[in-house]
Amino acid sequence: MKLRKLVALSAGLLLLLIPMVALAGGGAEEEREEEGLEIVTWWTAGGEAEALSALIDLYREQYPDVQVMNSTVAGGGGSQARGVLASRMVGGNPPDTFQVHGGAGIIGTWVVDDFMEPVTHILEDNDWMDVFPQDVIDILSYEGEIYSIPVNIHRSNVMWYNMAIFEENDLNPPETLDEFFEVAEVLQDRGITPLALGGTDGWEPTHLLESVLLAELGADGYRGLWNGNTAWDGDDVKAALGTFVDMLDYINADQSAITNIDAAEYVAEGEAAMTVMGDWVHGFYLAIGLTPGEDYGWIPTPGTGGNFIMLTDTFGLPKDAPNPNNVEKWLTVVASREGQDTFNPIKGSISARTDADRDKYDVYLLSAMDDFERDSIVPSVAHGAAAEVGWMSRLNDAMTFIVEDKDIEAAAAEMQSLADQYAR
Ligand code: GAL
């Protein structure tokens, strides 16, 4: 019997430490026919639902006898899925496999506490260790083993904009924060909401903040936020929080009532000019029939050109998964070149492999691929790459407060105390 603990749940202020007695391990279990494969994700939005279906179809082609159960839990950024998953994992009823952010998101939450099986052999047995960038391998690894297989690389620091609005108003998309405020002022004067921002899933303000932090601190300063080298209560972070608060003068009035996808839709429909969001927005725009470079444009979030805030969606193998052999097959499809090149062009992300078939990717995704190779890469906190779930969710709470009270000093103090607790 093992003693396990659940370190963090997704929503709210919770940081739970629940000691659990694990269910008996399967040593004496008999070989049995595995019939199913249950996959938990939060991919329900336009683009991502279709991308997942395409990947499942590819799996079914190869393994027609396996009954795949596609268990999605709606809620952008995993706002609901993580809680559902946590209770299943702790209750000894894990799904076969689940979507989880690569980086601190899985390591700090599930690996350290021994909920996951290593899956290094999937890459080794197929000679794929060298086709994934070492940086990606590193963030999936703990004590020499890889614990989940990446299906993609998403970019967080993208500003999507309505090209018609910019043309009609004779404006250029802003490359710097100063330019952002100039453009926003003009648009506001003309009765157009400059910036669409969501809030229902609790992480959208953090998503915008991570870009602003990067713009104010640069890549090294930003990296230092997660290992304790950059003070959260120093002048630079306070300046970033000040910039964030200034941006709130230019957002939609219903921020707390809309999702990140609603915000993207505002831009598509011309109800707002810009939104800062990950490139699943590209997948969403494709799914609703828009054309990149005609209906919508993109640019790195002002002040972050030359930098790429990355996150990766991955799948792992929980201990006690009911159908581990079927999971191994799934992870092999996920890791394969064909799997990645089937999923990502629909999802709006790029392959996590270095040998993607570029012919399958569109103009936006090719630009993202080129930037990923060339730019300074830093991890997203809003999507589990930079900090473990407990830190991420409490940062989200601090950001929800600052949107309400605009109290920079209080936010900086709270964020410093989180860093004191979590940074390593
Ligand atoms: C991210 C996830 C993306 C996308 C997004 C919106 O956390 O990594 O794949 O699903 O949330 O829900």
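Numbering of residues begins at 1 and proceeds along the displayed sequence.
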Item to check | side chain to side chain contact (heavy atoms under 4.5 Å, CB included) partner of Met399, the single match among Met415, Glu204, Arg394 | outcome: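 Only one of Met415, Glu204, Arg394 forms a side chain to side chain contact (heavy atoms under 4.5 Å, CB included) with Met399, namely Met415.
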Checklist entry - Name the one of Val276, Leu177, Asn307, Val158 that satisfies side chain to side chain contact (heavy atoms under 4.5 Å, CB included) with Ser211? => result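 Running side chain to side chain contact (heavy atoms under 4.5 Å, CB included) over Val276, Leu177, Asn307, Val158 with Ser211 returns exactly one hit, Val276.
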Side chains of [X] and [Y]: is there a donor and an acceptor less than 3.5 Å apart?
| X | Y | answer |
| --- | --- | --- |
| Asp279 | Trp298 | no |
| Ser380 | Ser156 | no |
| Asn344 | Ser351 | no |
| Asp370 | Ser367 | no |
| His383 | Glu210 | no |

Item to check | Residue pairs passing the side chain to side chain donor-acceptor pair (under 3.5 Å) test where at least one lies in residues 265-275, sequence neighbours excluded | outcome: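 Only Asp254-Tyr266 qualify under side chain to side chain donor-acceptor pair (under 3.5 Å).
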Checklist entry - Would Phe343 and Trp43 count as a close aromatic pair, with their ring centres under 6.0 Å? => result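 So the answer is yes for these two rings.
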Next on the checklist: Could you check whether Tyr142 and Trp110 have their ring centres less than 6.0 Å apart?
Outcome noted: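 When the ring centroids of Trp110 and Tyr142 are compared, they turn out to be at least 6.0 Å apart.
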Item to check | Presence of salt bridge, Lys329 and Glu34, under 4.0 angstrom | outcome: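 No, Glu34 and Lys329 are not salt-bridged.
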Checklist entry - Does Asp220 pair with Arg223 as a salt bridge, N-O distance under 4.0 Å? => result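 Answer for the salt bridge query: yes.
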Checklist entry - Would a 4.5 Å heavy-atom cut-off, applied to side chains only, mark Ile137 and Leu123 as touching? => result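 Ile137 vs Leu123: side chains touch.
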Checklist entry - Are any non-hydrogen side-chain atoms of Val378 and Leu214 less than 4.5 angstrom apart? => result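 In short, these two side chains touch, coming nearer than 4.5 Å.
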Checklist entry - If you take all heavy atoms of Gly348 and Tyr364, which pair is closest and at what distance? => result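 Distance-wise, the nearest heavy atoms are O-CE2, 4.3 Å.
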Next on the checklist: Please find the pair of heavy atoms, one from Trp232 and one from Ala412, that lie closest to each other, and give the distance.
Outcome noted: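 Looks like O-CB, 3.7 Å.
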Checklist entry - Which residue pairs pass the ring pair (Phe, Tyr, Trp, His ring centres under 6.0 Å) test with at least one member in residues 44-65, sequence neighbours excluded? => result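 Residue pairs with at least one partner in residues 44-65: Tyr59-Tyr63, Tyr59-Trp330.
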Checklist entry - Once the angle between the rings of Tyr285 and Tyr296 is folded into 0 to 90°, is it parallel (under 30°), tilted (30 to 60°) or perpendicular (over 60°)? => result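 Ring orientation of Tyr285 relative to Tyr296: tilted.
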